[in-house]
2 protein chains.
Amino acid sequence: MDQNLSNLDWSLIRAFLAVAEEGSLSGAARRLRASQPTLGRQVKAIEDALSAKLFARHARGLALTDMGEAILPAARMMAAAMNEIRLTAAQQETEVTGTVRITSSVNVSHALLPRVLAEARRTYPGIQLELVPNDDSENLLYGESDIAVRMYRPTQNDLVTKFVGDFEIGLYGAKRYLDKKGRPSNIDEIMALDLVGYDADERIIAGLARYGLTVDRLAFMTRCDEPLTQWQLIREGCGVGFAPCIVGDADPLVERIPLPVDVPGLPMWLTTSKAMRHTPRIRAIWEIMSRELA
Amino acid sequence: MDQNLSNLDWSLIRAFLAVAEEGSLSGAARRLRASQPTLGRQVKAIEDALSAKLFARHARGLALTDMGEAILPAARMMAAAMNEIRLTAAQQETEVTGTVRITSSVNVSHALLPRVLAEARRTYPGIQLELVPNDDSENLLYGESDIAVRMYRPTQNDLVTKFVGDFEIGLYGAKRYLDKKGRPSNIDEIMALDLVGYDADERIIAGLARYGLTVDRLAFMTRCDEPLTQWQLIREGCGVGFAPCIVGDADPLVERIPLPVDVPGLPMWLTTSKAMRHTPRIRAIWEIMSRELA
DNA sequence: TCTGATCCATTCATTTATGAATATTCAGTC
DNA sequence: GACTGAATATTCATAAATGAATGGATCAGA
């Protein structure tokens with residue numbers, strides 16, 4: 001309302017940028033960990049202040065107008081400067097304290113990281129840890145997290161990556177279920193079983209396709225997007241599905257189903273930004289994760 | 001407290017920059033039109049988020065630490081980007097509407113601008129005007145105001161200036177006062193009168209010094225920093241003092257005291273930033289001020 | 001045409017930030 | 001050494017921003 005060109009809150013530009021890049025208020029809200037109404041109001045505040053429409057409201061989200069496109073480069077420059085501030089501040093740190101934010105897939109977070117992070121906590125009690133189990137890939141460059149475990153090698157320029165090992169995946173079924181349905185001895189018998197899974201298995205499906213096993217979404221008789229719940233479904237006998245070997249092999253309720261083709265493990269790449277690489281707290285956690293995940 | 005490196009409010013950087021440049025919380029508060037406690041809290045919030053001291057608290061204000069110096073360039077870059085956004089937005093304007101913010105000295109604001117701005121309002125009813133009477137020189141480049149009337153020619157690079165005329169100044173005294181004390185006929189008699197004035201007369205004093213008339217602060221028997229109140233003091237007979245001729249000549253209570261030397265008028269320079277020069281609303285007000293002040 | 005999903009706008013109770021007033025600190029000056 | 005002036009901290013009542021819940025609109029797919 002009484003927002004004026006001269007005293008436009010800088011943080012509104014952050015909101016603008018998030019909405020522009022995500023393409024929706026809801027998406028931007030998720031990225032900034034705010035709510036959708038908040039982002040909506042902030043966008044309106046910027047538009048009032050600049051007295052120009054920056055977005056065209058669309059049913060599927062918000063699209064930039066010419067005016068929005070015009071200020072986008074400067075907004076990006078602000079984000080870059082802000083990031084510069086963060087990096088500068090981090091580089092001046094000398095103590096092994098602070099918070100390290102780690103992103104990784106839900107499965108890795110659940111199956112591998114707890115042990116690793118417990119070790120990290122014991123070694124560096126001064127470092128607070130934040131674990132974000134998330135199957136999408138957040139952007140490390142904007143400081144949204146410090147270290148990521150990725151199942152592919154990131155190619156961006158300002159990142160450093162290190163291969164730490166394979167994340168073994170196997171096909172499992174509940175003993176009770178297999179007792180009833182019979183243990184499959186060839187590929188056709190496997191395909192005849194009830195499959196449990198969904199989106200998160202995309203990479204596995206892609207891998208299988210390379211060996212001539214085509215599976216589409218409808219092949220899954222039980223579908224669940226949440227990997228941990230999916231695993232419970234398998235354990236209780238809804239059908240068979242893929243899971244980390246480290247989880248499956250340790251569970252007395254299930255057993256591994258031998259596959260005719262050799263499904264390779266998913267490569268795990270430890271990732272951080274070059275600029276943060278040498279800050280004490282990041283380096284400390286990096287070393288532990290690198291050693292313990294190997 | 002729970003402020004984290006990754007979700008540091010961008011507007012806090014604006015606060016940091018203002019405090020760094022002004023050298024005090026109070027100064028920064030004035031610049032940003034906020035309060036001193038607010039700035040204090042915001043600075044603390046940044047320091048918490050970066051977990052580093054950015055300022056050394058001093059009795060005379062806050063001085064940057066090494067850490068603060070380190071992030072200053074990036075903060076300036078953010079400010080530049082923010083300014084870029086403002087300029088881009090302004091340049092896309094096509095309508096003669098919006099707000100124009102004008103800065104000028106208290107005397108000029110009081111004596112000349114009301115008539116000029118009234119004319120502007122009549123001509124462009126869609127433009128809202130904001131007048132900031134202020135004897136210090138605010139920075140036009142950071143968008144704190146759009147047009148300034150300066151008593152000197154600004155030399156900064158990205159500004160455009162135009163000489164619009166002289167602001168005539170004369171020495172005045174209340175008739176009642178002069179009846180009692182007698183009308184001075186030479187410089188010594190003038191100096192024997194009670195002088196009313198203070199800081200704001202600096203430029204006049206400097207001008208007089210060039211003619212061999214040295215006056216120091218203690219020569220003013222009645223002192224007041226507020227030019228308008230100062231004028232009331234003169235009108236009521238506290239003594240004689242300098243005032244704009246346009247005010248003094250129109251007031252029946254006072255009369256002008258002829259000076260043996262010719263005190264030149266103060267040159268008035270209309271100033272705006274190059275980038276804003278061609279936006280419709282600025283151009284419109286500029287033209288009117290340029291014509292009416294001549 | 002209908003259904004499900006996704007997104008934006010609005011409302012209202014709650015949390016958070018703000019500023020006026022006041023106390024406190026500190027360097028410079030007589 | 002006390003005083004002055006200009007600054008920073010603190011307190012508390014008020015104003016502003018936030019988010020959960022809800023309603024409404026639009027598009028994709030059956």
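Chain identifiers are assigned alphabetically (A, B, ...) following the order of the sequence lines, protein sequences preceding nucleic acid strands; residue numbering begins at 1 within each chain.
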Length of the NZ-C1' vector between Lys44(B) and dA17(C), whole Å: 14 Å

Indicate, with a heavy-atom threshold strictly under 4.0 Å, whether Arg41(A) touches base, sugar-phosphate, or nothing. base

Let me know the distance between CD of Gln42(B) and P of dA9(D), rounded to the nearest Å. 14 Å

Under 4.0 Å, heavy atoms only, any strand: does Ser26(B) hit a base, just the sugar-phosphate, or nothing? base

Rounded to the Å, how far apart are Leu62(A) CG and dT6(C) C1'? 13 Å

Could you tell me if the side chain of Ile46(A) sits less than 4.5 Å from the side chain of Asp9(A), heavy atoms only? no

Give the intermediate values and the outcome of side chain to side chain contact (heavy atoms under 4.5 Å, CB included) for residues Ile234(B) and Trp231(B). CA-CA 5 Å; Ile234(B) 295 167; Trp231(B) 175 240; 4.0 Å; yes

Please pick, from dT10(D), dT10(C), dA9(C), the nucleotide with the shortest atom-to-atom distance to any side-chain atom of Pro37(A). dT10(C)

Send over the distance from Lys53(A) NZ to dC8(C) P, rounded to a whole Å. 15 Å

From CZ of Arg57(A) over to C1' of dG24(D), roughly how many Å is that when rounded to an integer? 16 Å

Using atom CG of Leu25(B) as one end and atom P of dT18(C) as the other, report the distance to the nearest whole Å. 14 Å

Under a 4.5 Å cut-off applied to non-hydrogen side-chain atoms, are Ile102(A) and Ser145(A) in contact? no

State whether Glu47(B) and Arg41(B) are salt-bridged, where the test is any N-O pair (Lys NZ or Arg NE/NH1/NH2 against Asp/Glu carboxylate O) under 4.0 Å. no

At 4.0 Å (heavy atoms only), tell me whether Gly61(A) reaches a base, stays on the sugar-phosphate, or touches nothing. sugar-phosphate

Taking the minimum atom-to-atom distance to the side chain of Ser35(A), which one of dG19(D), dT8(D), dG19(C) wins? dG19(D)

Can you tell me which nucleotide in dT8(D), dT18(C), dT18(D) comes closest to the side chain of Gln36(B)? dT8(D)

In terms of side-chain heavy atoms of Arg30(A), which of dG19(D), dT8(D), dC7(C) is nearest? dC7(C)

Would you mind reading off the distance between Ile46(B) atom CD1 and dA17(C) atom P, rounded to a whole angstrom? 14 Å

Describe the nucleic acid contact of Glu22(B) in one word from base, sugar-phosphate, nothing, applying a heavy-atom distance below 4.0 Å. nothing

Ion pair check, Glu21(A) and Arg31(A), cut-off under 4.0 Å: yes

For the pair made of CG in Leu39(A) and P in dC7(C), what is the distance, rounded to whole Å? 13 Å

